[in-house]
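In each ligand, atom 1 is the first atom listed, and ligand 1 is the first ligand listed. These figures come from a predicted structure and were not determined experimentally. Excluded from the calculations below are hydrogen atoms, water molecules and symmetry mates; all remaining heavy atoms, backbone and side chain alike, are included.
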Amino acid sequence: MIQKMATEELDRFGEKIIEGLELSDDDLRALLSLESEEELEKLYHVARKVRDHYFGNRVFLNCFIYFSTYCKNQCAFCYYNCKNEINRYRLTGEEIKEMCKALKGAGFHMIDLTMGEDPYYYEEPDRFVDLVRTVKEELGLPIMISPGVMDNSTLLKAKKKGANFFALYQETYDPELYKNLRVGQSFEERFNARLFAKEQGYCVEDGILTGVGNDIESTVISIRGMKSNNPDMVRVMTFLPQEGTPLEGFRENSKLSELKIIAILRLMFPKCLIPASLDLEGIDGMVYRLNAGANIVTSILPPDSRLEGVANYDRGMEERDRDITSVIKKLKVMGMEPAPQAEFEKILGC
Ligand code: SAM
Ligand code: MD0
Ligand code: SF4
């Protein structure tokens, strides 16, 4: 369809999406099959048109705090899986408080508190609730929590103490692939935790991986799966092989690029937050992701931080290039700018 469209027709296609046109599975298959640069540029054009309609040139900024890299799980794709013999850290309450001081007035719209499924917190989940309370008291900003599959009662307590967003990525909605990725973990429990959070008034983020053995059919299933739980934020991340993990040697010349899927997500979820994560290709990669229809920059690290990311394209590099000042500078060059905080709060009220 899109291959033959001239600019006006592409714009019209974008308008139809804004008016409520929903893509069929066959549309999704056709879009996921696009390959040439020219066709992909057309897709990004439509995605930007839709994004700009709702968000203009304004972008949201999410601060990433990976406060504990301990984990009891064995995800095949993840550097922090419990079988990997790596150096780990768990920040103390004091360290987190100090970090908050450095974050005051920095310009973030939201703080993402992420951890592995750390037994220290899973044995006594109130420790996690306390941490949410501390960060809320220190900064007063919206908080995203990414703690893994948390029990319902802890999710409710965290919400009372100020958590607004619950991020939990299914990775795939293809059950066979799920089994190979999230080894030994229940698909339903993960799905239900997100559902419960949504019902209780959290905003929720879902996400999928690409380049990890997913084909067009399984990607269609995953996009539909994400749609079924009415998320407020949807992401796709390229799988980056990690040293010491079962998928260390897995390399795939995937045609299902993250950028293509970001643009399709924009057409499927026109009003959603869609991340441009710095975790995969830093600020240069952010530009491509925003140009494909993303509207929130994630994995921005606190100033002078030695904290880790998750996929960590920059592991071992000297320069990290993941700070808010560099992000804002680049946005300006692109003709974009940070959104006013009130605009973000409006989304949270959704
Ligand atoms: N432990 C919690 C959990 O798994 O839900 C929170 C961490 S979560 C933010 C880690 C996410 O990063 C995964 O859900 C996955 O989507 C992504 N990720 C992890 N390892 C990755 C890799 N090697 N390449 C790309 N994305 C990765
Ligand atoms: C990111 N490294 O945005 C972060 C992480 C967790 N909520 C987010 C995957 O890329
Ligand atoms: Fe643990 Fe999350 Fe990594 Fe899985 S993705 S091993 S749950 S930190």
- N/O to N/O below 3.5 Å, does that happen between R182 and ligand 1? yes
- Item | Ligand-residue contact atoms, ligand 2 with F64, heavy atoms, under 4.0 Å | 2 (N), 4 (C), 5 (C), 6 (C), 8 (C)
- Query: Are I262 and V310 connected in the hydrophobic side-chain network, where two residues link if heavy atoms are under 4.5 Å apart?
  - Reply: no
- Enumerate the atoms of ligand 2 whose separation from the nearest heavy atom of T298 is less than 4.0 angstrom. 1 (C), 3 (O), 10 (O)
- Task: Decide whether D174 and T172 meet the rule of one side-chain donor and one side-chain acceptor closer than 3.5 Å.
- Result: no
- Task: Answer yes or no: does an N/O atom from E171 fall short of 3.5 Å to an N/O atom of ligand 1?
- Result: yes
- Message: Side chain, backbone, both or neither: which applies to Y66 and ligand 3 if a contact is any heavy-atom pair less than 4.0 Å apart?
- Response: side chain
- Item | Test: E124 and R127 ion pair at under 4.0 Å | yes
- For S146, the ligand 1 atoms whose distance to one of its heavy atoms is below 4.0 Å: 6 (C)
- Task: Please work out which of V310, N312, L240 has its closest non-hydrogen atom nearest to atom 17 (C) of ligand 1.
- Result: V310
- Task: Report the C-alpha separation of D279 and S277 in whole Å, then their side-chain angles, then the decisive distance to 0.1 Å, and conclude whether the side chain to side chain donor-acceptor pair (under 3.5 Å) test is met.
- Result: CA-CA 5 Å; D279 210 12; S277 172; 4.9 Å; no
- Tell me, please, if C82 has any N/O/S atom, main chain or side chain, under 2.8 Å from atom 1 (Fe) of ligand 3? no
- Query: Evaluating non-hydrogen atoms only, which member of Y313, Y169, Y79 is closest to atom 9 (C) of ligand 1?
  - Reply: Y169
- Would you confirm whether the ring centroid of Y173 sits within less than 6.0 angstrom of the ring centroid of F187? yes
- Note on the structure: The side chain to side chain contact (heavy atoms under 4.5 Å, CB included) partner of L209 among E258, E171, R235 is E171
- Task: Heavy-atom contacts with G116 under 4.0 Å: which atoms of ligand 3 show up? List them by number with element.
- Result: 8 (S)
- Message: Below 3.5 Å, N or O to N or O, backbone or side chain included: is there any such pair between R190 and ligand 1?
- Response: yes
- Query: Less than 4.0 Å between a side-chain N and a carboxylate O, is that true for R315 and E243?
  - Reply: no
- Query: Looking at K4 and E9, does any basic side-chain N land under 4.0 Å from a carboxylate oxygen?
  - Reply: no
- Item | Lys/Arg-Asp/Glu bridge criterion (N-O < 4.0 Å) met for K179, E176 | yes
- Salt-bridged, E137 to R133, with N to O below 4.0 Å? yes
- Which heavy atom of the protein is the closest neighbour of atom 4 (Fe) of ligand 3, given with residue, atom name and distance? C75 SG, 2.3 Å
- Message: As an exercise, identify every atom of ligand 1 less than 4.0 angstrom from a heavy atom of F239.
- Response: 23 (N), 24 (N), 25 (C)
- Using heavy-atom distances, let me know which of R235, R322, E308 sits nearest atom 1 (C) of ligand 2. R235
- Query: Should you measure from each heavy atom of T114, which atoms of ligand 2 turn up under 4.0 Å away?
  - Reply: 6 (C), 7 (N)
- Task: Give the contacting part of T238 toward ligand 1: side chain, backbone, both or neither, where contact means a heavy-atom distance below 4.0 Å.
- Result: backbone
- Task: Please identify which atoms of ligand 1 are closer than 4.0 Å to at least one heavy atom of L209.
- Result: 16 (O), 25 (C), 26 (N)
- Query: For ligand 1, is there an atom lying under 4.0 Å from some heavy atom of G116?
  - Reply: yes
- Query: Using heavy atoms and a threshold below 4.0 Å, how should the contact between D279 and ligand 1 be classified: side chain, backbone, both, or neither?
  - Reply: neither
- Item | Close-contact set for ligand 1 against Q242 heavy atoms, below 4.0 Å | 23 (N)
- Can you list the atoms of ligand 3 that are under 4.0 Å from a heavy atom of C71? 1 (Fe), 6 (S), 7 (S), 8 (S)
- Could you list which atoms of ligand 2 come closer than 4.0 Å to a heavy atom of S146? 6 (C), 7 (N)
- Task: Using modelled atom types only, decide if a donor and an acceptor are shared between the side chain of D215 and the backbone of S218 within a distance under 3.5 Å.
- Result: yes
- Distance-only donor-acceptor check, side chains R182 and Q170, under 3.5 Å: no
- Indicate yes or no: does E15 engage R12 in a salt bridge with an N to O separation below 4.0 Å. yes
- Does NZ or CZ of K198 lie under 6.0 Å from the centre of the six-membered ring of F166, at an angle within 45° of the ring axis? no
- Query: Does Y66 have a heavy atom less than 4.0 Å from any atom of ligand 2?
  - Reply: no
- Message: Return the closest protein heavy atom for atom 3 (Fe) of ligand 3 as residue, atom name and distance.
- Response: C78 SG, 2.3 Å
- Option whose closest heavy atom lies nearest to atom 2 (Fe) of ligand 3, chosen from R182, Q242, R190: R182
- Message: If the cut-off is 4.0 Å to any non-hydrogen atom of S277, which atoms of ligand 2 fall inside it?
- Response: 1 (C), 3 (O), 10 (O)
- Item | Subset of ligand 2 atoms that lie under 4.0 Å from at least one heavy atom of D112 | 6 (C), 7 (N), 8 (C)
- Message: Quick one about Y288 and E281 (side-chain donor to acceptor, distance below 3.5 Å, no hydrogens or angles considered), yes or no?
- Response: no
- Note: R194-E205 ion pair, threshold 4.0 Å (strictly below): no
- Task: Say whether E205, considering both its backbone and side-chain N or O atoms, lies within less than 3.5 Å of an N or O atom on ligand 2.
- Result: no
- Note on the structure: So the atoms of ligand 2 within less than 4.0 Å of a heavy atom of Y169 turn out to be 6 (C), 7 (N), 8 (C)
- Do D118 and S68 have side-chain N/O donor and acceptor atoms under 3.5 Å apart? yes
- Is it true that F67 and Y121 have ring centroids separated by less than 6.0 Å? yes
- Message: Looking only at the aromatic ring of each residue, does the gap between the centers of Y66 and Y80 stay below 6.0 angstrom?
- Response: yes
- Can an N or O of F77 be found at a distance shorter than 3.5 Å from an N or O of ligand 1? yes
- Query: At a non-hydrogen distance cut-off of under 4.0 Å, which region of S299 contacts ligand 2 (side chain, backbone, both, or neither)?
  - Reply: both
- Nearest protein heavy atom to atom 7 (C) of ligand 1, by residue and atom, and its distance? T114 CG2, 3.8 Å
- Query: With a cut-off of 4.0 Å, which atoms of ligand 3 are near a heavy atom of N81?
  - Reply: 6 (S)
- Message: A quick test of your reading: do over 12 heavy atoms of other residues, nucleotides or ligands sit less than 6.0 Å from NZ of K161?
- Response: no
- Mind checking whether M115 has an N or O less than 3.5 Å away from an N or O of ligand 1? yes
- L280 N/O under 3.5 Å from ligand 1 N/O: no
- Item | Protein contact for atom 14 (O) of ligand 1 (heavy atom, distance under 4.0 Å) | yes
